[in-house]
Amino acid sequence: MDMHTVVVGTSGTTAQDVIAVARGNARVELSAAAVDALAAAREIVDALAAKPEPVYGVSTGFGALASRHISQDLRAQLQRNIVRSHAAGMGPRVEREVVRALMFLRLKTVASGHTGVRPEVAQTMADVLNAGITPVVHEYGSLGCSGDLAPLSHCALTLMGEGDAEGPDGTVRPAGELLAAHGITPVELREKEGLALLNGTDGMLGMLVMALADLKSLYTSADITAALSLEALLGTDKVLAPELHAIRPHPGQGVSADNMLRVLAGSGLTGRHAEITGDAPRVQDAYSVRCAPQVNGAGRDTLDYAAVVAARELASAVDNPVVLPDGRVESNGNFHGAPVAYVLDFLAIVAADLGSITERRTDRLLDKNRSHGLPPFLADDAGVDSGLMIAQYTQAALVSEMKRLAVPASADSIPSSAMQEDHVSMGWSAARKLRTAVDNLARIVAVELYAATRAVELRAAGGLTPAPASQAAIEALRAAGVQGPGPDRFLAPDLAAADAFVRAGKLVAAVEAVTGPLA
């Protein structure tokens, strides 16, 4: 387990900390300020609980049942019951990294001092994370409003020593057994605490943070593969000139153009179409080649906006009701997931479009009528073998699914809780489909990489000199065991290996060894 430690304070957290805990198993500690804030807020809740007047979430029911006043002798049972009744998720298990992000982000809000939760409950949350215990959370059960209710409820069950959880060895066992094995005492919830553990946008936010990290890397990889395809197609790099992008100053567009230009520096292929093929001079390249910076760049700008939303949410305390600094406990609507849901959907749209333009370049590389002298389907012996024909089929199938995943979840709403919760964000659903979209996009980029490197190698075999960065990418790919077809060998394309190469960041690392850091 990584010994890096993330300290949770009262003022939120960072994307880097979320990823360190979710993916890097970083330890979690509460700051002294957080413990003090927790204790101060709890004093306010205890004082309100002792009064005869009903206070929502403290001495009342919840949702459509908020009008019922709950007597003191039933309040602990109420908090247990809300967790048990809301742990109604169904479907496949959610990934471990998502559950860890979910738990850590709920702890982040609890530690803000706005929830009224006792310090010992927050400490137990940290202890469970540090022990590597992961609650079993299911795919379905959140509408992205009033919090990611069912997912967070399954996490709260684990804190109570109930339900199932996965231990650090990957074995699913009763949560009570796992807590006992790690010396963790189950919590006994008091007023407001059950509600405070359930009422947040933590699941969708955690998935947004991780998607942003993955997409940032994929967009750099896509700039590289677009440059490789441009080179293999004997395209011109003149369209990447900074003065052209300066007159349409979208930041992401300029970044992508600069990345591509640096990858192509020193190429003996670009701009030599007429000389090499003997055809008439090509006036301009196809849109999928020429407009790559515009499409990739627009996606980059969308990522930047989504990162702003994520940063605001990471600095937020999302709960209902909340404890305010002046001692009031007020109901609010901050749990609504709309801000996060929208950007999750925006990212699915730009990922689908990036996948679409990527596939178009791959298809162009394989078509002898448009590839400017490359063999059909980049085959070693066209007709005897089919080359990369079906690799493009696989890529096309992934793109088609990406387009379906781009349909916004946040445009939908469905009423719940007897019409009390009559407009919801569907942000959890937006996050779940974005994870699939990001996964598919990595595969789509990997197919272009496989085809483009094969095409550049064929050009080099004809006596042409690729860009040094292109050559470095090819050599790293081959060194990683990703083999292309040859005269004495044609096996199934190593697409899975190319995919792993892209996901591990090896493509970017190989190219940056020549170009220096890319954006």
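The shown structure was predicted, so the numbers you read here are calculated from the model rather than taken from an experiment.
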Undergrad: Identify, with sequence neighbours excluded, every residue that meets side chain to side chain donor-acceptor pair (under 3.5 Å) alongside E243.
TA: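 Result, side chain to side chain donor-acceptor pair (under 3.5 Å) vs E243: none returned.
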Undergrad: Is it true that Q483 and R478 share a donor-acceptor pair across their side chains at a distance under 3.5 Å?
TA: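 There is no such pair (donor and acceptor under 3.5 Å, judged by atom type) between the side chains of R478 and Q483.
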Undergrad: Not counting sequence neighbours, which residues clear ring pair (Phe, Tyr, Trp, His ring centres under 6.0 Å) with H245? List them please.
TA: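 Partners of H245 by the ring pair (Phe, Tyr, Trp, His ring centres under 6.0 Å) criterion come out as none, since no residue qualifies.
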Undergrad: For N369 and R364, does a side-chain donor sit closer than 3.5 Å to a side-chain acceptor?
TA: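 Note: N369 and R364 side chains miss the donor-acceptor criterion.
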Undergrad: Checking F104 against V8 for the side-chain contact (heavy atoms from CB on, under 4.5 Å) test, could you report, in this order, the C-alpha distance in whole Å, the side-chain angles of both residues, the deciding distance, and whether it holds?
TA: CA-CA 9 Å; F104 173 69; V8 183; 3.6 Å; yes
Undergrad: Carefully, step by step, assess D223 and R262 under the rule salt bridge (Lys or Arg N to Asp or Glu O under 4.0 Å).
TA: CA-CA 10 Å; D223 288 343; R262 291 166 63 192; over 6 Å; no
Undergrad: Are side-chain N/O atoms of T171 and E166 paired as donor and acceptor at under 3.5 Å?
TA: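 Side chains of T171 and E166: no pair found under 3.5 Å.
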Undergrad: Under 6.0 Å between ring centres: does that hold for H86 and H154?
TA: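 Not close enough - the centres of the two rings lie 6.0 Å or further apart.
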Undergrad: Going by atom types only, do E231 and T270 share a side-chain donor-acceptor pair under 3.5 Å?
TA: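 On atom types as modelled, these side chains do not qualify, holding no pair under 3.5 Å.
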Undergrad: Is there a donor-acceptor contact under 3.5 Å linking the side chains of D148 and S142?
TA: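 Indeed, the side chains of D148 and S142 share at least one donor-acceptor pair under 3.5 Å.
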Undergrad: Contact between L388 and T362 at the side-chain level, heavy atoms closer than 4.5 Å - yes or no?
TA: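 No; the side chains remain at least 4.5 Å from each other.
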Undergrad: Indicate yes or no for a side-chain donor-acceptor contact from R459 to the backbone of L464 under 3.5 Å, with no hydrogens or angles considered.
TA: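 No: the side chain of R459 does not pair with the backbone of L464.
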Undergrad: Passes salt bridge (Lys or Arg N to Asp or Glu O under 4.0 Å), R503 versus D499? Steps please.
TA: CA-CA 6 Å; R503 290 174 195 264; D499 179 31; 2.7 Å; yes
Undergrad: Are K433 and D345 close enough, and set up right, to give a salt bridge (Lys or Arg N to Asp or Glu O under 4.0 Å), and what steps lead you there?
TA: CA-CA 9 Å; K433 69 184 181 66; D345 280 333; 3.1 Å; yes
Undergrad: Short question: side chain of S217, backbone of D214 - any donor-acceptor pair under 3.5 Å?
TA: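 Pair absent, no side-chain N/O of S217 close to backbone of D214.
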Undergrad: With rounding to the nearest 0.5 Å, note down the distance linking CZ in R272 to OG1 in T236.
TA: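 Here the rounded value is 13.0 Å.
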Undergrad: So which pairs with a foot in residues 496-519 pass ring-ring contact (aromatic ring centres under 6.0 Å, His included), sequence neighbours left out?
TA: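 Qualifying pairs: none.
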